[in-house]
> 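First, the structure itself, so that you have it in front of you.
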There are 4 protein chains.
Amino acid sequence: MPSARGRPRSESSRCAILETALRLARTKGYVQITMDGIAAEANVGKQTIYRWWPSKAAVVLEALRENARVEIETPDCGSLQTDLEYFFNSTFAVARRRRGIDQVLRAMMAEAQYDVEFAKEFRRYVIEPRRAVLFDILERGRARGEVGPNANPTLLVDAAFGVMWYRLLADVGEINEKLAKELAILLAKGSE
Amino acid sequence: MPSARGRPRSESSRCAILETALRLARTKGYVQITMDGIAAEANVGKQTIYRWWPSKAAVVLEALRENARVEIETPDCGSLQTDLEYFFNSTFAVARRRRGIDQVLRAMMAEAQYDVEFAKEFRRYVIEPRRAVLFDILERGRARGEVGPNANPTLLVDAAFGVMWYRLLADVGEINEKLAKELAILLAKGSE
Amino acid sequence: MPSARGRPRSESSRCAILETALRLARTKGYVQITMDGIAAEANVGKQTIYRWWPSKAAVVLEALRENARVEIETPDCGSLQTDLEYFFNSTFAVARRRRGIDQVLRAMMAEAQYDVEFAKEFRRYVIEPRRAVLFDILERGRARGEVGPNANPTLLVDAAFGVMWYRLLADVGEINEKLAKELAILLAKGSE
Amino acid sequence: MPSARGRPRSESSRCAILETALRLARTKGYVQITMDGIAAEANVGKQTIYRWWPSKAAVVLEALRENARVEIETPDCGSLQTDLEYFFNSTFAVARRRRGIDQVLRAMMAEAQYDVEFAKEFRRYVIEPRRAVLFDILERGRARGEVGPNANPTLLVDAAFGVMWYRLLADVGEINEKLAKELAILLAKGSE
DNA sequence: ATCTAAACGAGACGGTACGTCAGGTCTTGGT
DNA sequence: ACCAAGACCTGACGTACCGTCTCGTTTAGAT
């Protein structure tokens with residue numbers, strides 16, 4: 001057993017940092033916030049942040065994960081198309097539930113373009129889990145016989161998330177219930 | 001005609017700035033380059049850059065446009081699916097033709113998340129023109145009777161570019177001839 | 001005769017420059033004004049200033065000379081002490097007559113510390129002429145027999161102007177009628 | 001006692017800045033030196049200079065004070081005139097002892113004309129202390145009965161420093177042992 | 001009850017890049 | 001040849017953050 005010598009990590013500081021980071025990112029915008037700003041606002045030494053996180057993006061990403069603990073449910077709605085629509089609605093709802101989250105998500109994706117290490121974390125905790133869920137839904141459809149042998153799950157998954165991210169990042173369209181329905185139809189048709 | 005008083009803008013400086021900016025961005029990476037660096041390398045005063053462009057991103061974007069003057073052709077290949085495949089192959093080829101362009105494009109999209117003014121320029125000169133071409137191809141398909149009355153062109157366009165950007169930004173898949181073919185099939189099927 | 005070819009120098013521009021320079025220096029303070037500022041305010045090209053003057057200080061110095069054309073009179077008041085008092089009162093009056101002149105004079109002296117070329121001009125047009133007048137007064141006193149053979153005119157002159165500049169630059173005392181009288185007494189006593 | 005929180009100010013950086021500033025000012029000339037130059041030469045961040053001093057002039061002034069810690073002695077030489085001559089010789093020696101100091105002193109006086117805040121510091125640490133010493137010497141003379149009741153100490157002090165500064169700034173004469181003797185005689189005579 | 005060790009807040013540190021400002025030069029068309 | 005206009009190169013400015021460091025203090029387990 002690795003005996004823990006010395007003062008243990010302060011949970012209150014950890015929470016203060018995460019809460020402050022996410023709050024500032026949502027209200028002032030991700031680019032505007034600084035490590036100094038987070039430290040000052042959270043009544044925390046800057047070193048305490050750098051001791052546990054490598055970058056501003058890493059802090060915000062963990063804050064985002066902490067905040068979005070509510071798992072996305074994937075109940076069996078009986079058919080592929082309804083399963084898909086339910087999933088998309090759940091996914092899109094997250095961004096709309098709390099103001100500013102969409103902007104923070106966009107910043108995370110942007111940050112992943114500049115920081116290779118962060119990109120790995122981002123894929124691991126944001127991109128991949130959501131992809132896995134959608135693959136599961138398609139697999140369930142295959143079991144039901146709704147997904148044909150020539151279907152291309154990877155392309156369908158990329159198309160679905162692609163539309164979402166594209167509209168989010170390039171600001172070319174709404175992300176709402178209408179889109180959820182349209183995507184469900186497109187993927188269901190593409191699965192045949 | 002308003003007679004141009006004073007010393008006219010130096011075309012050689014303008015070109016030196018654009019060429020240097022794109023060269024540095026491609027070789028060293030967009031984040032690594034600085035206004036000071038561009039100015040020094042282009043033998044130009046920093047003020048001369050700030051006089052004509054508001055930000056590093058704006059310079060690189062214009063350099064990108066200047067560089068990519070070659071228009072994307074959209075010949076009539078006879079059928080919707082072949083038209084689409086041709087277009088996607090042309091589009092994907094741009095990024096592969098010159099090293100580092102993909103990385104610069106990703107940086108532009110990232111920058112658009114941080115800078116609202118730049119986002120407008122980016123949509124105007126990068127996003128929208130390419131969307132227009134794809135819409136044209138679908139319209140041609142409608143004239144041929146290949147696009148049904150219930151088809152949703154906007155969704156199809158978003159799906160195509162969405163997959164491309166999603167794979168580019170989230171690094172979840174290749175962008176190649178195989179994808180061009182798959183997307184052509186998906187969109188053709190979705191158009192019925 | 002050297003025929004003057006080409007467009008002759010614009011007297012109106014020259015005056016506009018000098019007037020603007022002195023006006024701005026007196027109102028905004030010498031350090032605050034810029035060549036660009038003078039040019040803009042005088043509706044004049046910057047090159048037109050640089051064509052005729054080597055520096056901001058040179059412009060202001062000429063403006064000062066143009067402005068202070070009124071010669072200092074040195075009437076024979078009958079005795080050395082009264083001659084001196086009259087001279088000092090005349091000299092001190094210049095600075096008080098128009099607001100801001102003292103500040104411009106201080107700036108000229110300051111500029112002379114930084115710019116060797118300007119220092120020559122400054123001595124030639126500001127320092128030396130005033131010294132010459134005071135030397136003349138002392139010489140007149142010698143003719144009258146008021147200045148003894150052991151008197152040291154140079155020291156006395158330096159003492160008089162020294163007090164004036166010292167109080168002006170180091171802000172350690174008033175420059176007024178009282179000082180004029182005191183200096184006159186000191187110099188008269190020192191001349192014996 | 002207010003406990004010193006946070007990292008304490010680095011004495012080594014402080015010294016490096018002051019030494020570098022004075023060295024550069026003396027060798028290259030005050031105007032030529034820049035904050036960037038001092039920072040680079042002293043291996044110090046520019047912010048570290050700005051954290052503790054408001055301007056280049058303030059740094060050089062403190063460096064000058066640090067450098068000139070050697071107090072000017074005012075031994076009782078027995079008579080007012082000899083006391084004065086000793087003081088003037090001591091004062092004039094400072095400037096001659098180390099090359100370039102005179103030029104830095106002139107720059108400080110010049111800077112005081114442009115920067116009101118700096119002028120206060122300059123008077124407080126350069127002008128006033130020296131005036132106080134001379135006033136003391138005159139007071140000692142009064143105790144001895146050498147200074148008459150009608151003498152004007154302020155005028156005499158201004159005359160002495162006035163000559164010195166005037167010759168320094170306007171470059172109209174030497175500052176040497178001869179001047180020290182002449183000033184001593186003038187002030188002694190003026191004190192009667 | 002001390003001792004050791006790590007985390008803590010605070011804040012100064014060396015650095016890099018920023019965007020601005022002014023200086024002095026150059027290049028137009030027009031007088 | 002001179003002029004107004006204004007773009008040009010240069011170089012210093014003062015600021016903002018970065019990520020690191022060095023204080024004194026706090027909090028635990030080990031001695």
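A, B, ... follow the sequence lines: proteins, then strands. Residue 1 opens every chain. Every heavy atom of this structure was used, including side-chain atoms; hydrogens, water molecules and symmetry mates were not.
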> To the nearest angstrom, how far is D:Trp53 atom CH2 from F:dC13 atom C1'?
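In whole Å, F:dC13 C1' lies 18 Å from D:Trp53 CH2.
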> Quick one: side chain to side chain contact (heavy atoms under 4.5 Å, CB included) partners of C:Asp102, sequence neighbours excluded?
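Side chain to side chain contact (heavy atoms under 4.5 Å, CB included) list for C:Asp102, sorted by chain: C:Ala95, C:Leu168.
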> With the side chain of B:Arg51 defined as its heavy atoms from C-beta on, choose the nearest nucleotide among E:dC13, E:dG23, F:dA7.
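Comparing E:dC13, E:dG23, F:dA7 against the side chain of B:Arg51, the answer is F:dA7.
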> How large an angle, rounded to 10°, do the end axes of the helix from E:dA1-F:dT31 to E:dT31-F:dA1 enclose when each is built from five base pairs?
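End axes: 10° apart.
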> List in chain and number order the residues that pass side chain to side chain contact (heavy atoms under 4.5 Å, CB included) with D:Lys46, two or more places apart in sequence or in another chain; answer none if no residue qualifies.
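Expected list: D:Met35, D:Asp36, D:Ala39, D:Tyr50.
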> List every contact pair, protein side and nucleotides 26-28 of chain F side both N or O, where the distance is under 3.5 Å.
unit_1: F:dT26; atom_1: O2; unit_2: A:Arg7; atom_2: NH1; d: 3.1

> Expressed in angstrom and rounded to an integer, what is the separation of A:Ile38 atom CD1 from F:dC18 atom P?
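Value for this atom pair: 8 Å.
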> Identify, residue by residue, the members of residues 103-110 of chain B with a heavy atom below 4.0 Å from DNA chain F, and return them in order of residue number, or none.
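Nothing qualifies; none.
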> Could I get the full list of side-chain hydrogen bond (donor to acceptor under 3.5 Å, both in side chains) partners for B:Ser10, not counting sequence neighbours?
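Residues passing side-chain hydrogen bond (donor to acceptor under 3.5 Å, both in side chains) with B:Ser10: B:Ser12, B:Ser13.
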> For C:Arg9, give me all partners under salt bridge (Lys or Arg N to Asp or Glu O under 4.0 Å), at least two apart in sequence or on another chain.
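C:Arg9 satisfies salt bridge (Lys or Arg N to Asp or Glu O under 4.0 Å) with no residue once adjacent residues are dropped.
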> Roughly how many Å is it from CZ in D:Arg14 to P in E:dC13, rounded to a whole number?
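Nearest whole value for this atom pair: 12 Å.
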> Taking distance alone, no hydrogens or angles, what donor-acceptor pairs closer than 3.5 Å link side-chain atoms of residues 109-125 of chain B to residues at least two apart or in another chain?
unit_1: B:Glu111; atom_1: OE1; unit_2: A:Tyr114; atom_2: OH; d: 2.5
unit_1: B:Gln113; atom_1: OE1; unit_2: A:Arg106; atom_2: NE; d: 2.6
unit_1: B:Gln113; atom_1: OE1; unit_2: A:Arg106; atom_2: NH2; d: 3.3
unit_1: B:Gln113; atom_1: NE2; unit_2: A:Leu169; atom_2: O; d: 3.0
unit_1: B:Gln113; atom_1: NE2; unit_2: B:Met109; atom_2: O; d: 3.0
unit_1: B:Tyr114; atom_1: OH; unit_2: A:Ala107; atom_2: O; d: 3.4
unit_1: B:Tyr114; atom_1: OH; unit_2: A:Glu111; atom_2: OE1; d: 2.5
unit_1: B:Asp115; atom_1: OD1; unit_2: B:Glu117; atom_2: N; d: 3.0
unit_1: B:Asp115; atom_1: OD1; unit_2: B:Phe118; atom_2: N; d: 3.0
unit_1: B:Glu117; atom_1: OE2; unit_2: B:Lys120; atom_2: NZ; d: 3.3

> Going by the rule side-chain hydrogen bond (donor to acceptor under 3.5 Å, both in side chains), which residues pair with A:Gln103 if we only count those two or more places apart in sequence or in a different chain?
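By the side-chain hydrogen bond (donor to acceptor under 3.5 Å, both in side chains) rule, A:Gln103 matches no residue at all.
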> Mind checking side chain to side chain contact (heavy atoms under 4.5 Å, CB included) for A:Glu41 and listing every partner two or more places apart, or none if nothing turns up?
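Here the qualifying residues are A:Thr20, A:Arg23, A:Leu24.
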> Protein-nucleotides 20-22 of chain E N/O pairs closer than 3.5 Å?
unit_1: E:dC21; atom_1: N4; unit_2: B:Gln47; atom_2: NE2; d: 3.1

> Check the distance between F:dA1's P and C:Trp52's CH2 and give it to me in whole angstrom.
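These atoms are roughly 12 Å apart.
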> With a 4.0 Å heavy-atom cut-off, tell me which residues in residues 22-31 of chain B come close to DNA chain F, sorted by residue number.
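Here the set is empty: none.
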